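Presented below is the structure to which this report refers.
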Amino acid sequence: MRTLRSYADPVLTCQFSGEFEAGLLCDSEAEWSAMQAAGLGLSNAVLRDYRELAEIPRDLRVLALVGKGHNGGDALLACDHILKERSGSRVYVLLSASPDRIKPLARKAFDQLDGRAELLVLEGGESVAEIQSELARFSGGCDFHICLDGLVGFNFKPPLRVPISNLIAAVNGYAGIRLRAAVDLPSGCGDVSDSQSFRADFTYATGIVKRGLFEGNASCGRVRYLDLGFFADEAAGVASSEYILTSRVLAPMQQLRPAEADKRTFGHLFIVGGSAGMPGALLMSVRAAVRSGVGLVTAFAPTSVVASLAAQVPEAMWVAWPETDAGTLSASGCSLLWERLTQATAVLCGPGLGQGTDVSDLVQQIAVRVRQPLLLDADALQPEFLVKLSERGEAFGPVVLTPHMGEFMRMCGLVESDYSSDSLREFSGRYRVLTVLKCAHTRICDGTNLVYNLSGGPVLSRGGSGDLLAGLTGGQLAQGFDSAFESVAQGVALHGAAAECLARDKGQCLVAAPQLLEYLPQVLREL
């Protein structure tokens with residue numbers, strides 16, 4: 001059985017990260033090797049992410065903001081790789097200090113560019129307006145496609161001082177930059193952040209993901225983890241209760257399936273949901289489930305819509321459920337579920353259910369009678385149902401909840417958003433559930449461990465994304481991998497990675513959520 005450490009790496013404070021790196025990178029040769037890996041990873045990642053915005057132009061223009069430390073060295077090495085790999089690219093290096101004042105390894109990276117970059121060195125007294133004027137002159141009046149921030153490292157202690165403070169203010173307010181990327185942490189961020197930090201679209205955490213990236217700091221943008229192998233042999237000695245989900249979680253899905261396998265080998269997911277007014281939510285969950293790798297899917301849907309839904313997903317088995325006058329599932333139809341329940345290896349309840357007395361009765365019965373792993377989503381996420389979960393026997397399977405923040409607030413009785421780790425742990429522990437809190441960095445929590453998923457992005461900010469996630473995750477639960485936590489993590493990882501493939505291929509805006517299903521095979525092929 002795989003442990004959490006098999007597919008997740010720890011999140012650490014800046015202070016502990018410094019101590020850990022000092023012990024791991026014990027000489028300049030090790031530091032230089034890590035910088036080279038970071039530079040290569042950074043160049044590949046930022047070019048890949050730029051494709052969510054547009055195709056990479058032939059005349060790619062990259063602005064590197066370089067300070068005295070190793071973050072600047074990482075940015076310079078990334079620029080070196082870009083120049084080597086993409087003919088026609090141009091690099092503009094803006095140094096916050098003269099080259100002879102930067103650290104030796106950063107200077108080594110600077111020298112490696114060997115005059116192939118345009119250079120601008122700040123004298124130190126320039127105002128914000130003067131720096132912006134210099135940027136316009138520097139670029140020849142053209143936009144920079146990418147800006148790499150390598151000014152200040154994670155050892156930063158506020159406040160920011162001139163000239164760095166003026167430079168960050170100038171770049172933050174400069175319109176001629178299409179994508180803004182921070183190396184490791186946005187300059188000005190750390191365990192304690194400055195109010196005027198670099199505003200990044202992406203932050204590329206090099207080697208270690210710092211906890212400050214998840215402290216509600218919007219200037220970090222989307223977080224990427226550049227795995228430099230720091231935890232390949234060291235993770236067992238690092239104490240943490242927060243982790244980053246890595247692509248290693250999907251490794252079991254890359255294996256050849258047994259030659260003697262049949263559809264029953266890979267589980268049977270039951271999905272209870274839908275209503276006359278919201279049949280689409282159930283349809284999307286079923287479509288996602290049949291693409292999840294599960295062997296069988298049975299969907300229970302209102303009588304008035306079941307025929308039309310079945311025609312659209314004939315791979316699933318469909319059961320017509322009596323409905324109320326409002327078009328929701330009637331509690332009187334529960335016998336349809338009970339008489340088939342022994343066939344299921346997991347049950348998903350909620351997509352498109354709607355609300356009402358019958359729906360409430362139905363969900364509460366499912367909560368206490370379904371012994372299999374149970375996933376509750378959407379309209380099945382009501383405060384009154386949580387109490388019923390405590391009545392589940394010790395031998396019952398785990399319960400997974402997949403709320404977005406609005407649903408989480410409703411269940412917790414909150415009046416404002418609360419993304420804190422403590423709040424999520426307390427909720428998951430109190431109700432003995434595994435919670436998937438859907439947000440910019442989706443969090444999976446079992447009451448003790450908390451894992452961040454970094455994939456996905458704004459392309460998922462549209463109706464139907466949650467229904468797809470429920471179907472994919474339910475399918476993983478039904479297949480019965482090593483643990484419920486791992487199964488849920490696989491569903492979340494698949495969903496996010498496929499969404500990014502969609503965004504890189506079609507863009508973030510003019511797409512529909514179900515399109516991500518077509519990219520699921522690509523996710524495993526590209527690991």
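Not measured: the values here are computed from a predicted model.
Heavy atoms only, all atoms of each residue included: Ala331 and Asp358 are closest at N-OD2, 2.9 Å. Residues Cys349 and Pro351 come closest through the heavy atom pair C-CD, 3.6 Å. Closest heavy-atom contact between Gly471 and Leu269: O-CD2, 4.2 Å. When every heavy atom of Gly354 is checked against every heavy atom of Asp379, the shortest pair comes out as N-OD2, 2.7 Å. Residues Thr448 and Arg425 approach most closely at O-NE, 2.8 Å, considering heavy atoms. Residues Thr345 and Ala478 share a closest heavy-atom pair of OG1-O, 2.8 Å.
Between the Gln254 side chain and the Leu524 main chain, a donor and an acceptor come within less than 3.5 Å of each other. Using modelled atom types, one side-chain atom of Gln476 and one backbone atom of Ser292 make a donor-acceptor pair closer than 3.5 Å. With hydrogens and angles ignored, the 3.5 Å screen pairs a side-chain donor or acceptor of Gln255 with a backbone N or O of Ala251. Proximity of a side-chain donor or acceptor of Ser187 to a complementary backbone N or O of Val152 within less than 3.5 Å is detected. Checking side-chain atoms of Arg462 against main-chain N and O of Val459 turns up a donor-acceptor pair under 3.5 Å. The backbone N or O of Ser420 lies less than 3.5 Å from no partner atom in the side chain of Ser423, so there is not a single donor-acceptor pair. Proximity of a side-chain donor or acceptor of Arg340 to a complementary backbone N or O of Leu336 within less than 3.5 Å is detected. In this structure, the side chain of Ser360 does not engage the main chain of Thr357 through any donor-acceptor pair within 3.5 Å. Judged purely by atom type and a 3.5 angstrom limit, Glu500 uses its side chain to pair as donor or acceptor with the backbone of Gly456. Ser285 places a side-chain N or O within 3.5 Å of a backbone atom of Asp467 that can act as its donor or acceptor partner.
With sequence neighbours excluded, no residue forms a ring-ring contact (aromatic ring centres under 6.0 Å, His included) with Tyr7. Annotation: salt bridge (Lys or Arg N to Asp or Glu O under 4.0 Å) contacts of Glu31 (sequence neighbours excluded): none. Among residues two or more places apart in sequence or in another chain, the ring-ring contact (aromatic ring centres under 6.0 Å, His included) test is passed with Phe485 by none. Among residues two or more places apart in sequence or in another chain, the ring-ring contact (aromatic ring centres under 6.0 Å, His included) test is passed with Phe385 by none.
Looking at Arg222 and Asp201, no side-chain N of the basic residue comes within less than 4.0 Å of a carboxylate O on the acidic one, giving no salt bridge. Under a 4.0 Å N-O distance rule, the pair Lys438/Asp377 qualifies as a salt bridge. Ion pairing between Arg287 and Glu315 fails under the 4.0 Å rule for side-chain N and carboxylate O. Asp262 and Arg257 are not joined by a salt bridge, as no carboxylate oxygen comes within less than 4.0 angstrom of a charged side-chain nitrogen. Ion pairing between Arg180 and Asp149 fails under the 4.0 Å rule for side-chain N and carboxylate O.
For the residue pair Ser428 and Thr435, a side-chain donor N or O sits within less than 3.5 Å of a side-chain acceptor on the partner. If you check the side chains of Tyr419 and Arg443, you find no donor sitting under 3.5 Å from an acceptor. Side-chain contact of Glu323 with Ser275: a donor-acceptor pair under 3.5 Å is absent, judged by distance alone. Defined by atom type and a distance below 3.5 Å, a donor-acceptor pair is missing between the side-chain atoms of Asn449 and Ser241.
Once rounded to the nearest 0.5 Å, the distance linking CE of Met409 with NE2 of His404 reads 11.0 Å. In this structure, CG in Leu424 is found 10.5 Å from CD1 in Ile444, a value given to the nearest 0.5 Å. Atom OH in Tyr225 sits 7.5 Å away from atom OG1 in Thr246 (nearest 0.5 Å). Expressed to the nearest 0.5 Å, how far CG of Leu472 lies from CE of Met284 amounts to 12.5 Å. Between the OG1 atom of Thr303 and the CH2 atom of Trp321 there is a distance of 10.5 Å, given to the nearest 0.5 Å. Going from atom CG of Leu250 over to atom CD of Glu486 covers 9.5 Å, rounded to the nearest 0.5 Å.
The aromatic rings of Phe202 and Tyr204 sit parallel to each other, their planes meeting at less than 30°, with 60° as the upper class boundary.
Phe231 and Phe20 have their aromatic ring centers within a separation under 6.0 angstrom.
Sorted by first and then second residue, the pairs that involve residues 421-464 and meet ring-ring contact (aromatic ring centres under 6.0 Å, His included), not counting sequence neighbours, are Phe214-His441, Phe214-Tyr452, Phe408-Phe427, Phe427-Tyr431.
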Check: residues 512-521 side-chain donor-acceptor pairs under 3.5 Å, at least two apart:
unit_1 : atom_1 : unit_2 : atom_2 : d
Gln515 : OE1    : Ala512 : N      : 2.7
Glu518 : OE2    : Arg291 : NH1    : 3.2
Tyr519 : OH     : Asp505 : OD2    : 2.5

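Counting only heavy atoms from C-beta outward, the side chains of Val294 and His268 never approach each other to under 4.5 Å.
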